[in-house]
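For reference, the structure is listed below as structure tokens.
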Amino acid sequence: MSEGTPPRVGVLALQGDVREHLRVLEELGAAASLVRRPDDLATIEGLVLPGGESSVIDKLARAFGMQQPIRDAITAGMPVYGTCAGLILLADRVDGAIAGQETFGGLDVTVRRNAFGGQTESFETALAVAGWDAPVRAAFIRAPLVTELGPGVRPLATLPEGGVVAVEQGRLLATAFHPEVSGERRFHERFLARVREARASAR
Ligand code: GLN
């Protein structure tokens with residue numbers, strides 16, 4: 001594969017806001033595809049875990065034989081970007097999971113599901129992100145919060161009240177909010193940069 005070919009990335013398409021991610025990735029010049037079966041993972045260099053309902057995506061992933069292949073891909077160093085439910089699916093530990101809910105894991109954090117109650121269940125806000133000049137327009141929809149970070153995890157964005165809502169650990173990137181619904185592309189760009197680095201280091 002040559003350096004110049006577009007990054008081949010997939011969006012896990014079992015449930016959730018798959019189309020929105022596909023659109024952003026394609027706008028950024030990636031070759032983006034839907035991932036539903038273990039074979040689909042062999043064709044991609046990076047994976048997006050969309051927002052949706054983490055317990056449903058978990059159940060479907062296990063039903064479709066996707067859980068272990070995705071865990072293996074994460075362990076092998078595939079860049080992954082998770083938004084909202086995708087953050088929950090990447091987390092090693094989940095507070096407020098439904099009975100029997102599992103995650104792919106890999107990200108050394110604890111997340112609290114549905115961390116915002118009542119009127120603030122869904123909201124949009126401008127957030128500063130470490131190292132970026134312009135703030136991010138972030139849409140939170142029944143979002144989780146990162147409540148504990150392992151030593152290798154870097155917080156990228158924090159709410160004014162103090163909750164961590166974007167993190168990075170090696171090639172894993174995750175946000176509690178949905179940049180793909182508010183026209184924000186920089187997180188997807190960052191994910192694609194990780195994909196290019198992973199490609200370069202594999203050569
Ligand atoms: N509350 C959802 C969950 O637990 C996440 C919501 C979202 O992805 N917008 O999976």
Side-chain angles (χ1 to χ4, degrees), residues 9-25 32 34-36 46-64 66-67 70-71 74 80-127 129 136-149 155-159 161 163-169 172-188 190-191:
V9 294
V11 182
L12 185 64
L14 302 175
Q15 191 264 340
D17 71 332
V18 173
R19 296 276 150 203
E20 289 80 355
H21 283 286
L22 266 186
R23 192 176 332 114
V24 177
L25 292 166
L34 302 180
V35 171
R36 292 205 174 92
L47 178 66
V48 169
L49 304 176
E53 178 49 51
S54 57
S55 60
V56 173
I57 297 174
D58 163 48
K59 264 191 201 140
L60 291 172
R62 285 188 273 155
F64 283 68
M66 289 298 278
Q67 186 192 59
I70 290 175
R71 285 181 174 171
I74 292 170
V80 181
Y81 174 33
T83 60
C84 203
L87 159 62
I88 297 169
L89 287 160
L90 274 179
D92 283 342
R93 297 166 296 278
V94 181
D95 284 339
I98 68 162
Q101 180 172 353
E102 297 178 10
T103 71
F104 303 126
L107 193 59
D108 184 12
V109 297
T110 305
V111 297
R112 192 183 324 132
R113 279 183 75 219
N114 303 325
F116 305 91
Q119 292 203 329
T120 55
E121 218 170 58
S122 296
F123 60 99
E124 239 185 85
T125 190
L127 271 183
V129 173
V136 158
R137 191 93 221 132
F140 290 81
I141 306 165
R142 292 175 54 76
L145 257 186
V146 180
T147 53
E148 284 173 352
L149 292 79
L156 294 178
T158 304
L159 288 172
E161 306 83 78
V164 174
V165 288
V167 292
E168 188 166 54
Q169 177 190 342
L172 305 179
L173 175 67
T175 55
F177 48 88
H178 293 268
E180 74 284 4
V181 304
S182 54
E184 172 60 58
R185 295 175 172 186
R186 285 171 290 177
F187 286 97
H188 293 80
R190 196 179 183 101
F191 160 68

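The structure displayed is predicted, hence computed values, not measured ones. As the structure lists them, so they are numbered: ligands from 1, and atoms in each ligand from 1. In what follows, every heavy atom counts, from backbone to side chain, and hydrogens, waters and symmetry copies are set aside.
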Could you give all pairs that pass the ring pair (Phe, Tyr, Trp, His ring centres under 6.0 Å) test and reach residues 87-107, with sequence neighbours left out?
-> none

State which residues pass ring-ring contact (aromatic ring centres under 6.0 Å, His included) with F191; sequence neighbours excluded, sorted by chain then number.
->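 Testing F191 for ring-ring contact (aromatic ring centres under 6.0 Å, His included), a comparison that skips the adjacent residues, returns none.
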
Side chain [X], main chain [Y], donor-acceptor under 3.5 Å:
X: S54; Y: I88; value: no
X: Q15; Y: G52; value: no
X: R36; Y: A13; value: yes

Those residues at least two apart in sequence (or on a different chain) that pass side chain to side chain contact (heavy atoms under 4.5 Å, CB included) with E148 are R93, T110

Heavy-atom cut-off of under 4.0 Å around ligand 1: list whichever protein residues fall inside it, by chain and number.
->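 Under the 4.0 Å cut-off, ligand 1 touches G51, G52, E53, S54, C84, A85, I88, R113, N114, I141, R142, H178.
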
